[in-house]
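Basis for what follows: all heavy atoms, side chains included, without hydrogens, waters or symmetry-related copies. Numbered from 1 within each chain, the chains take letters A, B, ... in sequence-line order.
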There are 2 protein chains.
Amino acid sequence: MQISSKFTIAVHMMTCMAYFTEMEKVTSDFLAGSVGTNPVIIRNLMLSLKNAGLIEVKRGTGGATIKKPLEEITLFDIYAAVENEKEKGIFRFHENPNPACPVGSTIHKTLDGRLAQIQDAMEAQMRSVTLWDVIRDTREFNL
Amino acid sequence: MQISSKFTIAVHMMTCMAYFTEMEKVTSDFLAGSVGTNPVIIRNLMLSLKNAGLIEVKRGTGGATIKKPLEEITLFDIYAAVENEKEKGIFRFHENPNPACPVGSTIHKTLDGRLAQIQDAMEAQMRSVTLWDVIRDTREFNL
DNA sequence: CATAGATGTAATATGAAAAGTTACAGGAGG
DNA sequence: CCTCCTGTAACTTTTCATATTACATCTATG
């Protein structure tokens, strides 16, 4: 299986917020148009990003803005904000290993730590990319 | 979303093959009993592992054995063997970014390389763990 | 050579999770 | 108070992993 598209959508959203700042009011409808999905999907992700302290959302008048310097927001921050299965880990484990089998009874103890290390490596790489890197490329491509 | 349990099941299977070598005939039924799943699931995974050159499966008489030295098989080899979405990448991308939007039209160019790097980091860590490491722990836990 | 015990494989069902949709209450500025 | 937007619940649709059933095929062995 794959990591849900909530992550890439959220990155897309934040890229829009940064790119269109001061040019457009970035509402859920506007974002839905750019991402190509439903406004409610966007609103739910806005909630997650807001709860993580990454953005601010105005009620009434509407519109979302980024709350922190772009170089202080990493892809991992966005990932952690929207991917709630973060706690479960990215690896799904089969649920009924046989406790009467010497392998089945120890497979978790044997693998859990190593799987966590793999996930750590992935997350470390995510931390090395900031939203500023992404925006810079976007601007570059639109000169 | 998460990576399917095919991966951990396959690791479990190969651990059994190594652990029970010469003690038991390791058939799909035997493995299904240790893993706690259906024999057909096991057989399909055996196919994948066989096609990747990791194991040998006897027809007729039955039983699977590992074809390479344990220290030459890494978790990545097993992952690549059974996870066919390997080519698709672990990140799902939203499918309809708006081509008329400066962000929507460039988001793929901007992100694809970085997402690949993240996946590479994960795979590199997977390559650092061999089946021998896993078996050693299993034996350790069963002294 | 017949058979018993395995694998190879297709077809289908089941279940869970992601994504999309509709609907509406509530806030805020004009 | 009217309009535009967010917050949120409820429900549907789609997709995919996992499980199950069924059967053809292979091979060692009695």
Side-chain angles (χ1 to χ4, degrees), chain A residues 1-10 12-13 17 20 24-33 35-52 55-65 79 82-97, chain B residues 1-10 12-13 17 20 24-33 35-52 55-65 79 82-97:
Chain A
M1 221 174 187
Q2 298 170 294
I3 288 164
S4 87
S5 63
K6 282 194 291 186
F7 171 57
T8 54
I9 292 178
H12 185 146
M13 287 167 60
M17 292 176 205
F20 292 108
E24 306 267 354
K25 187 166 64 167
V26 182
T27 67
S28 60
D29 271 35
F30 178 85
L31 288 168
V35 171
T37 185
N38 193 287
V40 178
I41 305 284
I42 300 291
R43 288 208 281 272
N44 283 324
L45 290 174
M46 284 191 346
L47 254 290
S48 298
L49 294 169
K50 190 180 74 173
N51 290 335
I55 67 172
E56 196 163 20
V57 182
K58 278 205 180 65
R59 296 208 60 164
T61 165
T65 49
Y79 171 75
V82 301
E83 205 70 32
N84 47 3
E85 6 282 318
K86 230 236 86 199
E87 306 118 28
K88 294 192 233 157
I90 57 173
F91 293 101
R92 182 175 302 185
F93 217 106
H94 49 295
E95 290 164 353
N96 306 308
Chain B
M1 222 172 186
Q2 298 170 296
I3 288 164
S4 87
S5 64
K6 284 194 289 187
F7 171 58
T8 54
I9 292 178
H12 186 145
M13 287 167 60
M17 292 175 204
F20 292 110
E24 306 266 354
K25 186 168 65 168
V26 182
T27 67
S28 60
D29 272 35
F30 178 84
L31 287 169
V35 171
T37 184
N38 193 286
V40 177
I41 305 284
I42 300 291
R43 288 207 281 274
N44 283 325
L45 289 174
M46 285 193 343
L47 255 289
S48 299
L49 294 170
K50 191 179 73 172
N51 290 336
I55 67 172
E56 196 163 19
V57 182
K58 279 204 181 65
R59 295 210 60 165
T61 167
T65 49
Y79 171 75
V82 302
E83 206 70 32
N84 47 2
E85 6 282 316
K86 228 236 90 198
E87 306 117 26
K88 293 193 233 158
I90 57 175
F91 294 101
R92 181 175 301 186
F93 217 107
H94 50 295
E95 290 164 351
N96 307 309

Of the listed nucleotides dT7(C), dA10(C), dT18(D), the one nearest the side chain of Arg59(B): dT7(C)

As a test of reading the structure: which of dA19(C), dG8(C), dA6(C) is closest to the side chain of Val57(B), going by heavy atoms? dG8(C)

Rounded to whole Å, how long is the line connecting atom CG of Leu45(A) with atom P of dT8(D)? 14 Å

Rounded to the nearest angstrom, tell me the gap between atom CD in Glu95(A) and atom C1' in dA16(C). 11 Å

What's the closest nucleotide to the Thr61(B) side chain, out of dT18(D), dA28(D), dT21(C)? dA28(D)

Kindly point out which of dT22(C), dT9(C), dA6(C) is positioned nearest to the side chain of Leu47(B)? dT9(C)

Could you check which of dT21(C), dG8(C), dG20(C) has an atom nearest any side-chain atom of Lys50(B)? dG8(C)

Base, sugar-phosphate alone, or nothing: which one does Gly62(B) contact when heavy atoms must sit under 4.0 Å apart? sugar-phosphate

Which nucleotide in the set dT9(C), dA19(D), dT8(D) lies at the smallest distance from any side-chain heavy atom of Val40(B)? dT9(C)

If I take atom NZ in residue Lys6(A) and atom C1' in nucleotide dA17(C), what distance separates them, rounded to the nearest angstrom? 10 Å

Among the nucleotides dA10(C), dC5(D), dT7(C), which one has an atom lying closest to any side-chain atom of Lys25(A)? dC5(D)

Donor-acceptor contacts under 3.5 Å from residues 36-45 of chain B side chains, at least two apart:
| residue | atom | partner | partner atom | Å |
| --- | --- | --- | --- | --- |
| Asn38(B) | OD1 | Val40(B) | N | 2.9 |
| Arg43(B) | NH1 | Ser28(B) | OG | 3.2 |
| Asn44(B) | ND2 | Val40(B) | O | 3.3 |

Of all residues at least two apart in sequence or in a different chain, which pass the side-chain contact (heavy atoms from CB on, under 4.5 Å) check with Ser48(B)? Val82(B)

Value rounded to 0.5 Å, distance of CZ in Phe30(A) from CE in Met17(A): 11.0 Å

